[in-house]
Amino acid sequence: MKIAVLLSAGRHPVSGAAVLPRLEAQAIRIAVRLGEAFGVLDGGSAPFGLHAGPDAATVADALGQGLARIEHLVLPEGVDPVPALAEHLAATAPDVILAGRRGQGGGESGIVPYALAAALDRPLIADVVSVAPGDEAGTLRLDQSLGRGALRRVVVRGPVVATVHPDAPASLAYAFGRARRGTIVSLEPTAEPVAGPAIPVEERPYRRRPKIVKGAPAGGSAAERLKAATGESGAAASGRLLVDPAPEEAAREILAYLRRVGVVAPDSTRPNS
Amino acid sequence: MTRLRRDPRAERAAIQVATIHVAAGARPRYDRTAKGAAKGAALAADGRSRRDPRAERAGQRVPGANRPRFDLSQVVAGPAVRGEMPVVGESRQPAAPKIVVVEDPAFLVAVVPDAAGGRLSGHDRQVLGAARMLAGREGGVVVVSAGPCEGCGPAGADRHVALAEPGADPAARAAVVAAALEALNPRHVLFPESLDGGDLARRVAVRMGAALFDNAEVVAATGLVRPARGRRVEQRAAPGLLATVAADAVPDYGGAPREARAVTVETVPAPASNLLSAERIPADPATVPLALAEFVAAAGNGIHDLDLFRQVVAALHATPGASRVLCDAGLMPRHSQVGASGTVLAATCYVALGISGAPQHLQGIAGCEHVVAVNTDLHAAMIERAGLAIVQDAQAVMAALLGLLEQEAARHAAGDPASGDRTGAAS
C-alpha cells in the first residue's frame, strides 16, 4: 500500500507567509492513519508527499506534520503541473492519492486532482473525511462528507484519487524533530510540458464586493435589508402568537409547525395526515 | 416679464360680503375663502399658481404601507389649489404575471443546478439569475438537471432538459451531463460552486477538455471575476464555456416568469460505476457539531428540569443547545452555547425553550429561517423574533410535548393497523 499526498505552496490568508494549506495537513493525517492501518509507516513504502513547483521550501512544513519524505518535481513558475505529476504518479503507482480541494500557488481552480484522475484513469472520490481499509482485501472504505454532518460511505476497489473535506479530523501536531529527520528529494520531470486548457485573465488587486442579502427585495431600503439580514422579515414578520394556551394545545401547535417546516418526520400513524 | 401690480384695496373690496349692508358703525365682513379664488384667478392670468407642498406630498404617498413611503417620481397633476382635494396617485397594481417566451433563442446559456430532492436551492436560483444576465434579451437559459426539477420557469429558465437520474456515482452523472451539454451546444455553462456542483463542474470540464473559470464572484456579459492567490488578486476574463458561480454573489432572477419548455436531447447510458457500494449515513443529531446542525432545540433560564429537556430533544431528533446563563451555571456544556460568544448557528429551525432572547443570543440565530419560542414573558425579544411564539411556561409545554411524542411513538409501535387503515381509505 503506497500513499501519496499532493502538496501545494500555500499562502497564509492574512500574513501571506508560506504555509501548508490546512486541508493538505488534514490529508497528511488521513494518510498517516491509513498507513498505520496497513502497517506501512516506515521505510520506502511510507506515505510520501509530492510537490510540483519551483521551490520545495514552502512545503517543508509537511515533514513536521507527519510525512517522512517529500518528492519535489522541479517545474518553472506558471507551468501546468498535471503532465509532470501524472507521469511521476504513473511510474510510482501509489494506491491512494490524497489532495486538498483546491491547491494554492498555481491556478487555484481545484481541477488538478480531477485532471490527474482522468490521466491515470482512476476513480476520484471527492470531499473525503476518512479513508480506511475495506472488509474485502484490496478494497477501501471512504467516508464522503455531504455537508451538515451527513456522510456517504463508499467502497471502491483498486487505486483511487481522493480530495479532503474541511470536516476531516484536525491535522497532527507539528513536530520539530520529525521535520529535521524528513527528507526532500528533488526530481527533474521528463514529461514534455503540455499546455492544458487555460483562460487568458487580467489581474487586479482584490476588491471585496458586498454579498447579496437574501430575502431583501430588490431596490428596498436599508431598513428592509437590515431586517432581512437579522432574520426578522421572513417567517418571523408574519409570526403566530399564542398567549396562555393549554400546554397540550401548545405542544400540538409546535409539533404541527415543525412538521410543516419539515424538520420533524410526519406522523405516519395519523389517519388523516 | 412684468408682473401685475397688486391693488390690496381693490382685492379687499372684491371679497367684502355684499349681502350684509354696511350700516354705520357696523363691522365690515369679508369672505376670506373667496380671496384665494380671486387671487388664484388673478395669478393664473399671470401664469403663476401657488404651490401647495403639503398636498403634493400627500399625493405622492404610496397607500398601504406601515411606514410612510413616497413615490417621488410621481408628479401630482394640476395645480393643487388650496381647498382642493390632493390628487392621490394610483397605487401600482401588480400586473398579472405574463410568461415570457423566447421562441428562437440566438444562443443558449446552460445551468446545471444541484437540485437536491428535485427542488432548486437558493444557490441554484442565483446561478439562474447569473445565466439570465448573460443570456440577455436574445439568448435562452436552459436548465440541465439530472432527475426532475421543479420551479425552473419562475427562476428564469426558458428551456428545461430533465435527464434520467444516473444514480449515486458522480462520475456517471458527469458523463450524462457532459453528453447532454455537447448535444445542446450552449455558449456558456454555469454551475453553482457548491459541494456537489463544484465537483460536477470539474468532472465535466476534464471530460470536455475545456477550461473552467471557477468561483466567479461577478458575472456580467463583459466579464467574470474570481478571487485568486488567497484573495490577494482578482482575475477577470470574458465569459468562456464553463464557469462556476460563488454563493451569495449574484441576485436571483427578478423578472416575469419564463416558460421552461421541456426539451429532450439524445442521452447516453451512464457508464458502469467504479463504486462497489455507496451508502448514505445521515448525521446523528446528538453528536453533530452545533454549527452544522439542521435543527436545534435550546434551553434557557426558564427551564429547571434539564433531564426532561434532554428527553424532549432526543424525541424530536434535534441537537441540544443552551443559552449563556445555563452554560455559565455549568448546567449545560460550553460547546452547546448559542450566541455571539458561543456558536453561530446555520440551522433551518430553532426551538427556544425558556429563552428571552438577549441581543447576543439573537445574533447567534440570525441565520435560522424558522424559530419557535416558548416563554412566559409576552414582551421578550425572542417572542417577537419567532415564527411561532407561545406565551406559556416552557416547563409545562415540554412535558406536554414529550407526552405527545411518546403517545405517537406508542401508536406507531402498536398501530401499524392504523397506517393500514389509512392506505385502505386512500385506495
Side-chain angles (χ1 to χ4, degrees), chain A residues 11 13 104 108-111 114-115 118 123 126-127 139 147-157 197-207 209 211-212 214 218 230-232 234-236 239-245 247-248 250-255 257 261 263-264 267-269 271, chain B residues 195 199 202-203 205-206 209-214 217 227-228 230-237 240 248 251 254 274-283 288 292 294-295 316 348-349 366 369-372 385-392 396-397 400-401 404 408 411-412 415 418-419 421-422:
Chain A
R11 293 266 155 201
Q104 293 180 15
E108 297 188 3
S109 62
I111 210 160
Y114 293 85
D127 298 317
T139 59
R148 288 201 182 273
L151 296 176
R152 182 163 54 209
R153 181 158 290 178
V154 168
V155 179
V156 287
R157 185 182 295 281
I199 301 174
V201 291
E202 171 200 351
E203 285 199 352
R204 296 177 187 177
Y206 183 69
R207 184 163 74 81
R209 290 179 173 80
K211 288 208 163 191
I212 299 296
K214 274 183 223 157
T230 51
E232 287 170 29
R240 274 191 74 198
L241 177 65
L242 306 177
V243 180
D244 275 335
E248 286 71 28
R252 272 196 299 278
E253 286 284 344
I254 292 175
L255 213 52
Y257 183 86
V261 166
V263 288
V264 171
D267 181 11
S268 56
T269 58
Chain B
L195 221 55
D199 178 51
R202 288 172 180 89
R203 287 179 194 273
V206 167
L212 174 74
F213 193 86
D214 69 306
E217 289 189 346
R231 292 188 184 271
R232 283 172 190 277
V233 296
E234 61 182 35
Q235 298 178 334
R236 176 181 289 270
D248 296 342
N274 300 73
L275 310 182
L276 297 179
S277 75
E279 160 203 11
R280 196 190 151 96
I281 305 171
V288 72
L292 299 177
E294 173 104 46
F295 174 32
L316 283 172
T348 319
C349 185
E369 197 181 337
H370 306 284
V371 176
V372 179
R385 166 75 175 79
L388 175 64
I390 291 168
V391 181
Q392 180 57 273
V397 172
L401 194 57
L404 193 59
E408 279 182 6
R411 237 185 1 208
H412 190 63
S419 56
D421 278 354
R422 183 175 59 136

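Every value quoted in this text rests on a predicted model; they were computed, and no experiment measured them.
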Taking B:Arg236, B:Gln392, B:Arg203 one by one, which has the highest count of heavy-atom pairs under 4.5 Å against chain A?
-> B:Arg236
Name the option with the most non-hydrogen atom pairs under 4.5 Å to chain A; the candidates are B:Leu316, B:Ile281, B:Leu275, B:Val372.
-> B:Ile281
Considering non-hydrogen atoms only, spot the tightest contact between A:Gly149 and B:Leu292 and give its length.
-> N-CD1, 4.2 Å
Taking B:Pro251, B:Ala396, B:Ala228 one by one, which has the highest count of heavy-atom pairs under 4.5 Å against chain A?
-> B:Pro251
Are the side chains of B:Leu404 and A:Arg252 in touch, meaning some heavy atoms are under 4.5 Å apart?
-> yes
Any chance the side chains of A:Tyr206 and B:Glu217 put a donor and an acceptor closer than 3.5 Å?
-> yes
Which heavy atom in B:Ala400 sits nearest to a heavy atom in A:Pro247, and how many Å separate them?
-> CB-O, 3.4 Å
Given that the side chain runs from C-beta out, which part of B:Leu388 has a heavy atom under 4.5 Å from chain A: side chain, backbone, both or neither?
-> both
Salt bridge or not for A:Glu108 and B:Arg231, using N-O below 4.0 Å?
-> no
Please flag which part of A:Asp127 lies under 4.5 Å from any non-hydrogen atom of chain B: side chain, backbone, both or neither.
-> side chain
Kindly give the heavy-atom pair with the smallest separation between A:Ile199 and B:Phe213, and that separation in Å.
-> CD1-CB, 3.7 Å
Approximate separation, where rounding is to 0.5 Å, of A:Leu242 CG and B:Ile390 CD1 = 5.0 Å
Chain B: which of A:Pro200, A:Ala126, A:Gly147, A:Pro205 shares the most heavy-atom pairs with it under 4.5 Å?
-> A:Pro205
Output the option from A:Val156, A:Thr139, A:Val264, A:Val263 having the highest count of non-hydrogen pairs under 4.5 Å with chain B.
-> A:Val263
Is any NZ, NE, NH1 or NH2 atom of the basic residue among B:Glu294 and A:Arg148 found under 4.0 Å from an Asp or Glu carboxylate oxygen of the other?
-> yes
Partner chain B: residue of A:Arg207, A:Arg209, A:Gln104 with the largest heavy-atom pair count (under 4.5 Å) = A:Arg209
Would you sort out whether B:Ser277 and A:Val155 count as a side-chain contact (heavy atoms from CB on, under 4.5 Å), showing the intermediate values?
-> CA-CA 5 Å; B:Ser277 75; A:Val155 179; 3.4 Å; yes
In Å and rounded to the nearest 0.5 Å, what is the CG to CD distance from A:Leu255 to B:Glu408?
-> 5.5 Å
Can you list the steps and then say if A:Glu203 with B:Arg232 is a salt bridge (charged side-chain N to carboxylate O under 4.0 Å, His left out)?
-> CA-CA 10 Å; A:Glu203 285 199 352; B:Arg232 283 172 190 277; over 6 Å; no
Between A:Glu248, A:Arg152, A:Glu202, the one whose heavy-atom pairs under 4.5 Å with chain B are most numerous = A:Glu202
Contacting region of B:Ala210 [heavy-atom separation from chain A under 4.5 Å] | backbone
Note: vs chain A, highest number of non-hydrogen pairs under 4.5 angstrom among B:Asn274, B:Asp214, B:Leu401 is B:Asp214
Can you tell me if B:Arg280 uses its side chain to pair, donor with acceptor, with the backbone of A:Arg153 under 3.5 Å?
-> no
Going through the distances and angles, do A:Val261 and B:Phe295 end up as a side-chain contact (heavy atoms from CB on, under 4.5 Å)?
-> CA-CA 10 Å; A:Val261 166; B:Phe295 174 32; over 6 Å; no
Heavy-atom pairs under 4.5 Å with chain A are the metric here; pick the option from B:Val206, B:Leu276, B:Leu212 that has the most.
-> B:Leu276
